[in-house]
Amino acid sequence: MSKTIEYTEGIVPYRHEELMAKVAAQLTDKRYQHCLRVELTARKLAAANDVDVELAGIAGLLHDYAKQRDDQTFIDLIKSRGMDPNLVAYGNGVWHGYVGAELIKDELHIYNEPILDAVRLHTVGAPYMTKLAQIIFMADFIEPARDFPGVDEARQATAHSLAAGVRFQIQHTLDYLIQKGAPVYPQTLATYNAWVGGVAAQFAN
C-alpha cells in the first residue's frame with residue numbers, strides 16, 4: 001500500500017521510496033513496520049481533520065527515526081546543542097523524539113519545523129500542540145498493531161476528536177508511569193495539566 005504514495009509538495013528532498021529506505025536503514029524491521037503503520041494512520045487522521053496529508057505522512061514515517069540509537073549519541077547531542085541538561089535523566093522514551101529531531105536535521109537535512117516539532121512531541125506532548133503534532137501523538141498510540149488495555153477506547157476518543165484522543169493518551173501515560181514508579185518528564189506533567197485540568201480540556205468534551 002505504501003508503495004503507491006508519491007510526494008508532490010516538495011516538503012522533503014526525497015521521493016517516498018528514498019525516505020522509506022533511509023528510515024529502514026536505522027531500524028529493525030519490526031520498528032520500521034511500526035513506522036509504516038504510523039505513517040498510514042497519520043495520513044488517515046490528517047484527512048479526517050483538515051491537515052495536509054503528505055505532511056502528516058512524512059512526520060509519521062519519521063517519528064521513530066532515532067529510536068534505536070545508543071544512549072551516548074543522545075547524551076552527546078543534549079550537551080553539544082545546549083539542551084536542558086535534565087534530559088539525561090529520562091532515557092530513550094523522551095530522547096528519541098525530543099532529541100531525535102536533531103538527528104533528522106543532521107542526517108536527513110529535513111528542516112521543516114512542523115514535522116520536527118511533531119517528532120519532538122510524539123511521546124511527551126505539550127500544553128499546546130498543532131493539529132499535526134496531535135495527529136502524530138495519536139497515530140503512534142493507536143496504529144493498528146497496538147494492543148493494550150484501553151486502546152479501543154483511545155481509538156474511539158480520537159475518532160470523536162483529536163483533543164479527546166490527546167486527553168485520553170496523556171492520562172493513560174501518566175497512570176502507566178506512576179504505576180511503574182518511573183520518573184515523569186516535566187513536560188509530560190505540563191501536558192497533563194493543560195489537556196486534562198486546564199483550558200484545553202474543554203475541547204475534549
Side-chain angles (χ1 to χ4, degrees), residues 1-48 51-78 90-125 129 132-148 151-152 154-155 158 165 169 172-173 176:
M1 186 173 181
S2 60
K3 291 181 181 179
T4 65
I5 296 171
E6 297 292 344
Y7 294 153
T8 62
E9 299 178 30
I11 296 169
V12 293
Y14 306 103
R15 291 182 295 109
H16 182 241
E17 289 181 356
E18 293 172 331
L19 191 58
M20 290 170 67
K22 289 181 178 294
V23 172
Q26 299 297 331
L27 302 171
T28 63
D29 184 64
K30 181 178 180 180
R31 178 61 53 177
Y32 172 61
Q33 294 300 323
H34 162 70
C35 289
L36 294 182
R37 291 190 298 271
V38 172
E39 174 188 26
L40 294 179
T41 304
R43 290 174 67 92
K44 291 175 183 176
L45 289 176
V51 172
D52 186 304
V53 170
E54 186 166 308
L55 190 69
I58 293 166
L61 179 60
L62 289 173
H63 81 286
D64 271 356
Y65 175 76
K67 175 72 174 177
Q68 294 177 315
R69 304 302 176 92
D70 63 277
D71 288 359
Q72 196 60 47
T73 296
F74 289 115
I75 292 169
D76 289 346
L77 273 171
I78 290 168
Y90 291 93
N92 183 281
V94 172
W95 295 341
H96 81 273
Y98 201 71
V99 190
E102 300 298 311
L103 287 168
I104 291 172
K105 290 189 287 187
D106 290 353
E107 298 176 0
L108 299 180
H109 309 293
I110 292 172
Y111 307 104
N112 181 287
E113 189 55 34
I115 289 173
L116 296 173
D117 190 56
V119 171
R120 288 186 191 103
L121 301 181
H122 81 269
T123 62
V124 298
M129 288 189 280
L132 176 64
Q134 293 176 52
I135 283 168
I136 304 310
F137 191 68
M138 295 314 305
D140 182 34
F141 195 63
I142 65 169
E143 60 95 338
R146 293 295 197 195
D147 184 16
F148 56 85
V151 69
D152 289 336
R155 290 176 179 134
T158 307
Q169 181 181 166
H172 183 279
T173 297
Y176 173 76

Test side-chain contact (heavy atoms from CB on, under 4.5 Å) applied to N112 and L55, step by step: CA-CA 9 Å; N112 181 287; L55 190 69; 3.8 Å; yes

For H172, side-chain contact (heavy atoms from CB on, under 4.5 Å) partners two or more places apart: F141, F148, F168

Passing candidate, side-chain contact (heavy atoms from CB on, under 4.5 Å) with E102, options L116, L77, I78: L77

Whether E54 side chain and E9 backbone form a donor-acceptor pair below 3.5 Å: yes

Interatomic distance, D52 atom CG to I11 atom CD1 [nearest 0.5 angstrom]: 4.5 Å

By ring-ring contact (aromatic ring centres under 6.0 Å, His included) - contacts of Y98 (at least two apart): none

Worked verdict on T123 versus H96 for side-chain contact (heavy atoms from CB on, under 4.5 Å): CA-CA 9 Å; T123 62; H96 81 273; 3.5 Å; yes

Donor-acceptor pair, side chain of T41 and main chain of E143, under 3.5 angstrom: no

Gap between atom CZ of R15 and atom CE of M20 - 0.5 Å precision: 11.0 Å

R120 and E113 ion-paired at < 4.0 Å: yes

Inter-residue atom distance L19.CG - Y65.OH, 0.5 Å rounding: 9.0 Å

Euclidean distance, L62 CG relative to I110 CD1, rounded to 0.5 Å: 5.0 Å

Side-chain heavy-atom pair T73, W95 within 4.5 angstrom cut-off: no

Any donor-acceptor N/O pair, R146 side chain to D140 backbone, under 3.5 Å: yes

R31 side chain reached by Q26 side chain, heavy atoms, under 4.5 Å: no

Check: K67 main-chain N/O paired with D64 side-chain donor or acceptor under 3.5 Å: no

For A46, all residues meeting side-chain contact (heavy atoms from CB on, under 4.5 Å), sequence neighbours excluded: V51, V53, A56, I135

Point-to-point distance, once rounded to the nearest 0.5 Å, from CD of Q68 to OG1 of T28: 4.0 Å

Distance-minimising heavy-atom pair for I136 and H122: CG2-CB, 3.9 Å

Heavy-atom pair of closest approach, residues Y14 and K22: CE2-CE, 3.1 Å

Close side-chain approach of V12 to L108, heavy-atom, < 4.5 Å: no

For the student: nearest non-hydrogen atoms of R155 and P144, plus distance: NH2-O, 3.5 Å

Value rounded to 0.5 Å, distance of CG in L27 from CZ in R69: 8.0 Å

Considering all heavy atoms, the nearest I5-H16 contact: O-CB, 3.5 Å

Donor + acceptor pair across side chains of H109, Y111 (<3.5 Å): yes

Shortest non-hydrogen contact between R43 and G57, atoms and distance: CG-CA, 3.6 Å

Side-chain heavy atoms of Y32 within contact of V23, under 4.5 Å: yes

Side chain proximity check, L36 to L61, heavy atoms < 4.5 angstrom: yes

Side-chain heavy-atom pair I142, Q169 within 4.5 angstrom cut-off: no

Over all atoms of both residues, closest heavy-atom pair of A42 and A139: N-CB, 3.8 Å

